[in-house]
Structures are given as C-alpha cells and as structure tokens.
Amino acid sequence: MDRISHGGIVAARILIAVVFVLNGLGIVDQTIPAKELTERGAPVSLVPVIMLAGRVLELAAGFGLALGVFPRLMALALLAFLIPATFISHSFWLAAGTPAFQGQLINFSKNIAIWGGLLFIAGSVGQPCVLPRRTVTSEKAGETENRQIVEVRK
C-alpha cells in the first residue's frame with residue numbers, strides 16, 4: 001500500500017471516529033436522544049444504562065477505529081450502534097409537516113453517509129493497524145493452496 005493510500009485510509013478512519021468519540025465523551029448533548037428513547041417506549045429506569053452503554057461503545061470503538069485497533073471490527077460495532085440510533089433519533093417521517101422535519105431529514109442523511117463510510121472500512125482488507133498482525137498476501141495464500149493440492153494428488 002503506498003503512502004498516499006495509507007495516509008488517506010488513516011485520515012478517513014480518524015475523521016469518522018471523531019463523531020463517535022465526541023458523543024462518547026458527552027461533548028455532544030445527549031438529553032434529546034434520552035428523551036426520544038423514553039418517548040418511544042424504553043423504560044425510564046433503563047434509559048441511563050442504555051445511554052451509558054452507548055457512550056462506552058462509542059468511546060471504545062471510536063478510539064479503536066482511529067488508532068487502527070481491529071478497525072474492521074470497530075467499524076462493524078459502530079455500524080451496529082448507529083443503525084438503530086439513526087432510526088430512533090432522526091425519524092424524519094414522524095416530523096412531517098413540522099419545522100423539525102428538515103433538520104431530522106438532514107441528520108438522517110448524514111448518518112446514512114456515515115453508514116457508508118463504516119461499511120467501506122469494514123469491507124476494506126489490509127487496513128493499516130496499530131497492533132502487529134500476521135499478513136498473508138493473496139499470492140502466498142495461492143501458493144500454499146497449490147502446494148496442498150499437489151501433495152494430495154501424489
């Protein structure tokens with residue numbers, strides 16, 4: 001992987017991770033999402049636990065994604081969190097005909113764009129990683145498979 005590609009992938013991961021880290025640190029106000037959870041039927045006693053679990057996931061996976069610690073797994077974890085959060089917090093269809101409609105539609109669309117970025121990261125093989133790992137290139141894997149096939153035929 002050349003330096004430009006490597007740098008671009010790392011920068012993209014950091015930029016996507018910033019959203020989650022800021023949410024996890026509580027810099028982005030979470031009172032409205034907590035209120036929306038209760039309005040949609042979540043038990044009032046569980047809302048603080050759900051919010052804390054979301055923050056922990058966002059922090060851990062956000063930092064993991066930014067640092068390249070299991071980036072594909074972290075992207076999938078954030079995606080699993082973001083999909084239901086998008087439908088709960090930015091349900092623009094419930095705001096039809098109100099002044100909130102446009103803002104909800106924009107935020108829903110932004111989250112969908114983040115889904116795309118996370119899916120791209122999750123689907124990209126060879127992500128730069130902080131942790132040392134054993135890499136097997138497709139050429140080496142092919143050689144190993146060919147040797148095994150030849151040995152079986154003998």
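Atoms considered below: every heavy atom in the structure, side chains included; atoms not considered: hydrogens, waters and symmetry mates.
Between L37 and the choices I32, V44, L46, I50, the side-chain contact (heavy atoms from CB on, under 4.5 Å) rule is met once, by I50.
If you take CD1 on I14 and CD1 on I9, they are separated by 12.0 Å, rounding to the nearest 0.5 Å. The distance from the CD atom of E58 to the CZ atom of F20 is 6.5 Å, given to the nearest 0.5 Å. To the nearest 0.5 Å, atom CG of residue L94 and atom CD of residue E36 are 9.5 Å apart. Rounded to the nearest 0.5 Å, atoms CZ (F81) and CG (L78) are 8.0 Å apart. I83 contributes atom CD1, which lies 12.0 Å from atom CD1 of I114 (distance to the nearest 0.5 angstrom). Rounding to the nearest 0.5 Å gives a distance of 4.5 Å between CD1 of I121 and CG of L65.
Cluster annotation: I112 and F101 are assigned to the same hydrophobic cluster (Ile/Leu/Val/Met/Phe/Trp/Tyr, side-chain heavy-atom contacts under 4.5 Å, transitive). Hydrophobic cluster membership is shared by V28 and F63, with clusters built from Ile, Leu, Val, Met, Phe, Trp and Tyr side chains linked at under 4.5 angstrom. The hydrophobic clustering, which links ILVMFWY residues whose side-chain heavy atoms are closer than 4.5 Å, places F70 and V10 apart. Linking ILVMFWY side-chain heavy atoms closer than 4.5 Å, directly or via other members, places W115 and F92 in a single hydrophobic cluster. Residues V19 and V56 are members of separate hydrophobic clusters, defined by side-chain heavy-atom contacts under 4.5 angstrom among Ile, Leu, Val, Met, Phe, Trp and Tyr.
P33 is listed as a side-chain neighbour of M51, based on a closest heavy-atom distance under 4.5 Å. Here the side chains of V125 and R72 are in contact, with some heavy-atom distance below 4.5 Å. Within the 4.5 Å cutoff, no side-chain heavy atoms of Q104 are placed close to those of S91.
Scanning both residues, V21 and L59, for their nearest heavy atoms gives O-CD2, 4.0 Å. Smallest separation of non-hydrogen atoms from T98 and A95: OG1-O, 2.6 Å. When every heavy atom of R40 is checked against every heavy atom of I88, the shortest pair comes out as CZ-O, 3.2 Å.
Aromatic pair F108/F87: centroids less than 6.0 angstrom apart.
When atom types are taken as modelled, the side chain of Q102 and the backbone of A100 share no donor-acceptor pair closer than 3.5 angstrom. In this structure, T38 contributes its side chain and K35 its backbone to a donor-acceptor pair below 3.5 Å.
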Start with the C-alpha distance between M74 and V69, add both sets of side-chain angles, then the distance that settles side chain to side chain contact (heavy atoms under 4.5 Å, CB included), and finish with yes or no. CA-CA 8 Å; M74 297 301 119; V69 179; 5.7 Å; no
Going through the distances and angles, do N23 and Q30 end up as a side chain to side chain contact (heavy atoms under 4.5 Å, CB included)? CA-CA 8 Å; N23 261 340; Q30 297 296 313; 2.8 Å; yes
Kindly indicate, with the supporting measurements, whether the criterion side chain to side chain contact (heavy atoms under 4.5 Å, CB included) is fulfilled by N107 and N111. CA-CA 6 Å; N107 285 321; N111 279 15; 5.6 Å; no
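Counting heavy-atom neighbours within 6.0 Å of F120 CZ, excluding the residue itself, gives a total of 12 or less.
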